[in-house]
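Right, one structure below, let's go through it.
Keep in mind that what you see is a predicted model, and the values were worked out from it rather than measured. Every chain is numbered from 1 and lettered A, B, ... according to where its sequence line falls, protein lines coming before strand lines.
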Amino acid sequence: MSDQGLRHRRPHFIKPNDDIPSVSGPLLMEERAFEPGVDENAITSIVYNNPFASLSIQQQRSRLPIFKNRSHILYLLEKYQTVIVVGETGSGKSTQVPQYLVEAGWAADGRMIGITQPRRVAVVTLANRVSDERQCGLGDEVGYTVRFDDVTSSKTKIKYMSDGIMLRELMSDPLLTRYSVIMVDEAHERSMNTDLAIGLLRKIISIRSDLRVIISSATLDAELFRDFFELNETNDPSKDTATIISVEGRAYPVSTFYTKTGAPNYLDATVDLVIKIHKNEQPGDILAFLTGQDEVELACDRLREQSKNLKDCDKLWVVPMYGGLSAREQLKAFDSTAYRTRKVVVATNIAEASVTIPGIAAVIDCGFVKMRVINPKNGIETLMVIPISQSSAEQRAGRAGRIRPGKCYRLYPESEFDKLLPSTIPEMQRSHLAPVILQLKALGIQNVLRFHYLARPPADAMKQGLELLYALGAIGDDGLLTSPLGINMADLPLPPMFSKVLLSSGEFECSEEIAIIIAMTQIQDVFVVPGGGKRHRAEVVKRKFSVAEGDHLTLLNVFQNFIQNGRSKNWCNQHFLNYRGLIRAENIREQLVRYLKQCKIKMVSCSGLIGSTAKIRRCLVNGFFPYAARYDHTGNYVTIREEYPFKVYKGSAIMYRPEYPKWVIFTDVLQNSIRDISEIEPEWLYELAPQFYDFGTEGEIASKKRRTDDLDSTRKANLN
DNA sequence: AACCGAGAA
């Protein structure tokens with residue numbers, strides 16, 4: 001496989017830009033042979049395209065490619081503590097390996113086989129599938145646990161869970177004593193939770209020699225995982241504790257085409273290419289990747305428009321696919337295609353790994369993705385459009401080769417592909433670290449700098465994370481979690497600044513309101529922006545919900561109206577509100593209230609009290625003081641600490657004000673815009689966060705700064 | 001005027 005360390009050139013891409021005229025005429029494509037991309041999402045392939053549906057369960061099981069490796073895997077697990085299973089599309093490892101383990105007696109002593117997944121749907125689908133195969137009720141021998149949903153019992157031997165749940169379980173059972181084997185599935189995706197789980201498992205196996213770990217990974221990362229888990233420090237290979245096994249998959253070859261020159265506008269290029277394929281190519285559905293909802297909808301509109309004018313060819317059926325769609329709308333992409341009709345699914349990255357659309361013959365890859373990245377200058381995470389990695393491009397291409405040989409069209413030249421990063425930067429290296437540090441400390445790992453990370457985060461990010469936690473009062477001068485604040489913060493399923501707000505809401509006499517506001521900020525897009533002629537009406541309705549003090553009180557207002565109107569779906573539709581999101585918000589609110597009661601924080605409402613909105617906004621400042629900004633003569637908001645300029649998100653409630661507030665805090669950022677903004681008084685900042693903001697003469701500030709510097713060095717000594 | 005990808009506790 002390619003050497004990861006050697007190729008780290010920055011990609012040079014042209015971003016879509018409406019000013020640049022689009023290419024006219026046919027796109028020129030070059031073909032190159034292509035190895036099918038590795039696809040770990042075997043679950044959905046089994047569920048949606050099961051070629052053996054008519055066979056008995058046992059016959060089906062024995063026909064899966066992995067069945068050939070059954071005894072080998074069991075043998076390796078006797079000999080090695082860690083086994084890396086490299087499995088291609090449809091190998092069946094996620095469903096079969098746990099069953100092999102049970103059959104071989106690994107669950108005989110009352111311990112469980114735990115399988116972690118990065119996604120809830122996968123957890124539920126897999127558990128259902130395997131309980132069917134074992135002909136037991138869900139929750140008996142086979143069960144699962146995800147947030148808000150625990151379907152296990154004392155009889156459970158095979159337990160599927162989200163990796164986030166495993167991290168939670170580690171808090172009460174740090175050595176995972178209830179498990180004999182842990183299988184970490186989809187490890188190559190390198191999500192934050194998976195990486196963290198792997199780092200912790202590495203620590204556990206060095207203590208618990210009876211625990212076995214199975215990592216399921218793609219080819220590219222297999223050696224990385226093996227070396228990470230290898231405990232043998234001698235040169236004697238017979239003492240190795242980690243090994244790799246490859247399992248054959250069921251992927252078909254995909255031929256890849258590149259453009260001769262870069263497409264100036266990938267959206268136009270996508271639309272042109274779909275039409276061109278539709279006119280000239282054999283029947284077969286198309287999957288096109290774009291970066292966001294707006295792009296997807298725009299491309300769909302144009303395709304529908306253009307397909308009207310087509311003559312002498314099949315119909316074109318255009319289906320959008322992105323996370324913001326309701327379950328029912330998403331399911332449309334799974335409908336089979338009518339006679340003489342070609343389906344084209346225009347999707348965001350949701351179709352790269354999370355959702356597998358069956359029967360795709362051709363993939364169009366724009367080469368970009370929208371991703372959260374951290375700005376090292378100000379430590380603020382932002383969503384940005386950036387070039388994909390080579391492994392991501394291969395994953396996209398592989399979506400065309402699931403049931404027969406397929407084609408992948410990349411809207412960039414091969415020379416650009418060569419410049420892409422070999423694999424996507426692990427989330428651990430592009431995110432805020434405060435949550436990670438908090439979690440590690442709660443698990444008793446005090447020296448977070450020395451922790452054995454699968455991907456070591458940048459030192460600056462680590463420093464920023466520690467500083468934030470210190471400023472929030474979650475860790476003390478000794479570097480330990482404070483009690484009860486730090487310990488409670490680690491317990492909450494929220495980012496640290498939100499946890500701080502929630503846990504202090506009792507003191508500010510507004511815990512009822514804050515629990516709602518925080519739950520509402522955890523769901524995206526409460527306001528639905530409808531297409532076409534309804535846009536203006538939606539805007540008018542939204543305006544009615546808006547509160548002058550800002551978005552947080554607006555969110556509170558929306559939620560309270562939703563409850564007062566009987567949680568009605570109809571009412572939501574009439575008011576252009578996201579019903580699904582509001583239901584989820586209520587769920588989250590209930591969970592947060594349970595946590596608050598556990599932490600012995602009083603549930604009080606400030607409703608009707610004098611200065612009630614000030615109480616709420618002060619409470620928000622108590623956690624979000626690092627995200628304070630003032631209105632600048634340039635028309636931007638400038639963060640107080642780093643003096644970093646931001647625009648106001650067009651959907652913010654403060655847009656409706658005749659004049660922008662001078663001082664605000666914000667709780668979310670996208671691109672270069674702040675959103676979820678509330679007006680504050682500047683005095684609150686140095687009143688509530690004196691460690692962060694100074695107020696006084698130059699001399700007073702200087703002497704205060706000296707004191708904090710001293711504190712800094714003692715703190716650093718304690719942390720290192 | 002149009003700036004929220006995908007996940008998870």
Any N or O donor-acceptor pair linking the side chain of Asp668(A) to the base of dC4(B) at under 3.5 Å?
yes
Would you state whether a donor and an acceptor, one from the side chain of Arg675(A) and one from the base of dC4(B), lie under 3.5 Å apart?
yes
Applying a 4.0 Å non-hydrogen cut-off, can you work out what [X] is touching in the nucleic acid: base, sugar-phosphate, or nothing?
{"X": "Leu167(A)", "result": "nothing"}
{"X": "Ser162(A)", "result": "sugar-phosphate"}
{"X": "Leu383(A)", "result": "base"}
{"X": "Phe148(A)", "result": "nothing"}
{"X": "Arg120(A)", "result": "sugar-phosphate"}
{"X": "Glu427(A)", "result": "base"}

Does Pro493(A) or Asn349(A) map to a spot on DNA chain B nearer the 5' end, using the closest nucleotide for each?
Asn349(A)
Most 5' of Glu539(A) and Val369(A) on DNA chain B, judged by nearest nucleotide
Glu539(A)
Hey, what do you get for OG1 (Thr554(A)) to CZ (Arg543(A)), rounding to the nearest 0.5 Å?
12.0 Å
Using OP1 and OP2 only, check whether a side-chain N or O of Arg535(A) sits under 4.0 Å from dA1(B).
no
Interatomic distance where [atom1] belongs to [X] and [atom2] belongs to [N] [whole Å]:
{"X": "Glu352(A)", "N": "dG7(B)", "atom1": "CD", "atom2": "P", "result": "12 Å"}
{"X": "Gln293(A)", "N": "dC3(B)", "atom1": "CD", "atom2": "P", "result": "11 Å"}
{"X": "Asp525(A)", "N": "dC4(B)", "atom1": "CG", "atom2": "P", "result": "10 Å"}

Tell me whether Arg202(A) is salt-bridged to Asp195(A), with the criterion being a basic N under 4.0 Å from an acidic carboxylate O.
no
Between Arg178(A) and Glu169(A), is there a side-chain N and carboxylate O pair less than 4.0 Å apart?
yes
Counting heavy atoms from C-beta on, name the nucleotide in dC4(B), dG7(B), dA8(B) closest to the side chain of Ser354(A).
dG7(B)
